Amino acid sequence: MAKYQAIKGTYDVMPAEAAAWQHVESVVRRQARAFGFREVRTPVFEDTALFVKGTGEATDIVQKEMYTFTDKGGRSLTLRPEGTPPVIRALVEHSALKESPCVKVFYLAPMFRYERPQAGRLRQHTQFGAEIVGTDSPLADAEVIALLFTTLARLGLSGLTLRLNSVGCPACRPAYRDTLVAHFRPRLDTLCGDCRERIERNPLRILDCKADRDRVQDAPAMTDCLCPACAAHFDRVKALLKGLGVPFAIDKTLVRGLDYYTRTAFEVASQHLGAQDALGGGGRYDGLVEQLGGDPAPGVGFGAGLERFLLAMRNQGVAVPDGPRPDIYVAALGTAASDKAAELCGMLRGKGYACEQDLQGRSLKAQLREANRINARYVLVIGDDELAKGAASLKDMDTHGQREVPFAELADNIEAYCECSCQG
RNA sequence: GUGGAUAUAGCUCAAUUGGUUAGAGCGCUGGACUGUGGCUCCGGAGGUUGCGGGUUCGAGUCCCGUUAUCCACCCCA
């Protein structure tokens, strides 16, 4: 066992897995662009108060999962546990909503939470998130949901379930909350210990308690208690999703763990994951911008875990396209030939080819095996004979064919010999 | 924070009721007309059996501790 290893709940992406990551990232970026979202990048740490205020003091994230430390200036800083508060902070700080009243942004960034690792759950994970700030139109809700859902589809994922709910707004939630408490109060002794506390602190969370799943089914639903505005909003979101062909299921027990959500709440789960089956989730947060010191503005967004994308893809057997193959491998025999090879590699790279050579002075056989291993399209063989003749042997690794090409011609007309996908 | 399982070459795994120099496949590496890959054949390197104690004539196998990993609860991405 190595003396030093990656910290619990973290991991390394080694070159063999990097191709899969790059593929996922490029699909995500392409899709975000297709929907008109622009990228934002914010620092990995923030003032601790941003999350206490934004994410919510009562949430599990803030209460027990944050990596918080004091820097040498005595400031309390926190590695971001989620992406939305930092993004809102940045939009407010840069007055983005004054330049343009409706902003669409996405991010691809690491998040940190002190949790007990298990399948699909880490202490550092990477989130793809998107936010639309500045409009309370149901169009925005539907667009954000469609972005997440179509991205997953583009990645080849199937067996997806989109769960949808509305958690109301400050106008109608308090009344629903009372209704819920009135419903559960007489049945307190049938609930689990956690829920007996939740009824005081946050009764809505009783709804997504797994232990009390059965006892929750006949509880009153938020969707039956929405105020007219929230009900109309929810109806339009559903209609829009139908129009977009995004399948969903109403889940009246879906309650998200962050304090700022209003109205729409959603979650996308995969059949191909373990206990942690949510690929992503989000909702509307119409009070957050004001909460964080900006002029009041509504918003809606989601966060999704890239590690879970990859995990679901692997479990589902989705093939990841190969990365680009190297164009040319230069095999050299002897010191003089190696020097010439270095020179040729430099010239070819200058023309835009992906090109490499042996760095260990190995046998020709070993060099060709290496060229084959990295799936090079062509091999240039250079030895004493070639040096004397002033020409290299150009071998086509696919057709096994080989021909002689003068060094000088190589420089000027390499494209003619390489009718491959080389970008000259 | 709680519970369960696991820990043997780079990787995936073997090793009879505790018993001699801990094996295999893959990978790596060298060779099979001293300069030509994939297939085949032959050879080589590589392990203080996670770490620390204990029981025993003898421990990879049993016991205790510890660390790490995995899975689940909680919660979430």
Side-chain angles (χ1 to χ4, degrees), chain A residues 1-11 14 16 55 59-65 80-84 107-129 148 152 192-195 197-198 202 205 208-211 254-258 266-270 273-282 301-312 329 331-334 337 358 360 362-387 392-402:
Chain A
M1 180 146 307
K3 180 171 181 181
Y4 296 107
Q5 41 187 312
I7 298 302
K8 183 198 282 274
T10 70
Y11 64 97
M14 297 305 285
T55 307
T59 60
D60 279 15
I61 288 180
V62 169
Q63 285 198 331
K64 46 190 196 192
E65 295 177 0
R80 72 174 159 225
E82 60 136 341
T84 303
Y107 54 86
L108 219 42
M111 304 293 160
F112 306 84
R113 293 181 201 171
Y114 190 82
E115 300 200 70
R116 190 78 174 264
Q118 75 184 73
R121 194 173 67 187
L122 298 155
R123 288 187 174 179
Q124 174 178 343
H125 74 281
T126 311
Q127 276 195 23
F128 164 41
L148 175 57
L152 297 173
C192 73
D194 286 339
C195 286
E197 289 181 24
R198 285 182 182 127
N202 192 348
R205 295 212 62 86
D208 70 350
C209 175
K210 283 172 187 168
L254 176 64
V255 179
R256 309 230 76 234
L258 307 179
F266 63 94
E267 208 166 88
V268 179
S270 166
L273 291 176
Q276 310 302 320
D277 66 350
L279 288 162
F302 68 79
L306 289 207
E307 287 81 1
R308 291 187 187 175
F309 290 10
L310 265 333
L311 196 58
Y329 185 91
L333 285 160
D358 169 70
Q360 308 170 77
R362 305 206 295 169
S363 71
L364 181 59
K365 183 197 276 282
Q367 294 187 54
L368 275 159
R369 202 170 30 221
E370 175 70 5
N372 189 65
R373 204 175 62 76
I374 65 176
N375 194 28
R377 180 71 180 84
Y378 290 95
V379 171
L380 274 179
V381 180
I382 304 172
D384 292 339
D385 295 350
E386 284 79 4
L387 285 178
S393 299
L394 179 65
K395 184 182 177 72
D396 183 323
M397 293 296 277
D398 290 352
T399 66
H400 306 240
Q402 192 164 325

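The shown structure was predicted, so the numbers you read here are calculated from the model rather than taken from an experiment. Residue numbers start from 1 in every chain, and the chains themselves are labelled A, B, ... in the order their sequence lines are given, proteins ahead of strands. Reckoned from all heavy atoms, side chains included, excluding hydrogens, waters and symmetry mates.
Between A/Arg362 and B/U29, a side-chain N or O to OP1/OP2 separation shorter than 4.0 Å is present. Proximity of A/Lys8 to the phosphate of B/U69: a side-chain N or O atom is located under 4.0 Å from OP1 or OP2. Residue A/Gln118 places no side-chain N or O under 4.0 Å from the OP1 or OP2 atom of B/C70. Here A/Arg205 reaches the OP1 or OP2 of B/C76: one of its side-chain N or O atoms lies under 4.0 Å away.
Of the candidate nucleotides B/A72, B/C76, B/G35, B/A72 has the atom lying nearest to any side-chain atom of A/Ala275. Relative to the side chain of A/Ala119, the nucleotides B/C71, B/A77, B/G37 differ in distance, and B/C71 lies closest. Of the candidates B/A77, B/U36, B/G1, the closest approach to any side-chain atom of A/Arg116 belongs to B/G1. Taking only side-chain atoms of A/Leu368, from C-beta outward, the nucleotide of B/C73, B/G31, B/G37 with the closest atom is B/G37. For A/His125, taking side-chain heavy atoms from C-beta onward, the closest of the listed nucleotides B/A72, B/A68, B/A77 is B/A77.
Among the candidates A/Arg123, A/Gln124, A/Glu307, the single residue satisfying the side-chain hydrogen bond (donor to acceptor under 3.5 Å, both in side chains) test with A/Tyr11 is A/Glu307.
When Watson-Crick and G-U wobble pairs are counted only if both distances are under 3.5 Å, B/G19 pairs with B/C57. With a cut-off of 3.5 Å on both pairing distances, the Watson-Crick or G-U wobble partner of B/C70 is B/G4. In this structure, B/U29 forms a base pair with B/G43, meeting either the Watson-Crick or the G-U wobble geometry with both donor-acceptor distances under 3.5 Å.
A/Gln367 comes within contact range of no nucleotide atom at all, as no heavy-atom separation falls under 4.0 Å.
Of the C1' atoms belonging to B/G27 and B/C11, the separation is 7 Å, rounded to the nearest Å.
The base of B/G35 is paired with the side chain of A/Glu386 by a donor and an acceptor separated by under 3.5 Å.
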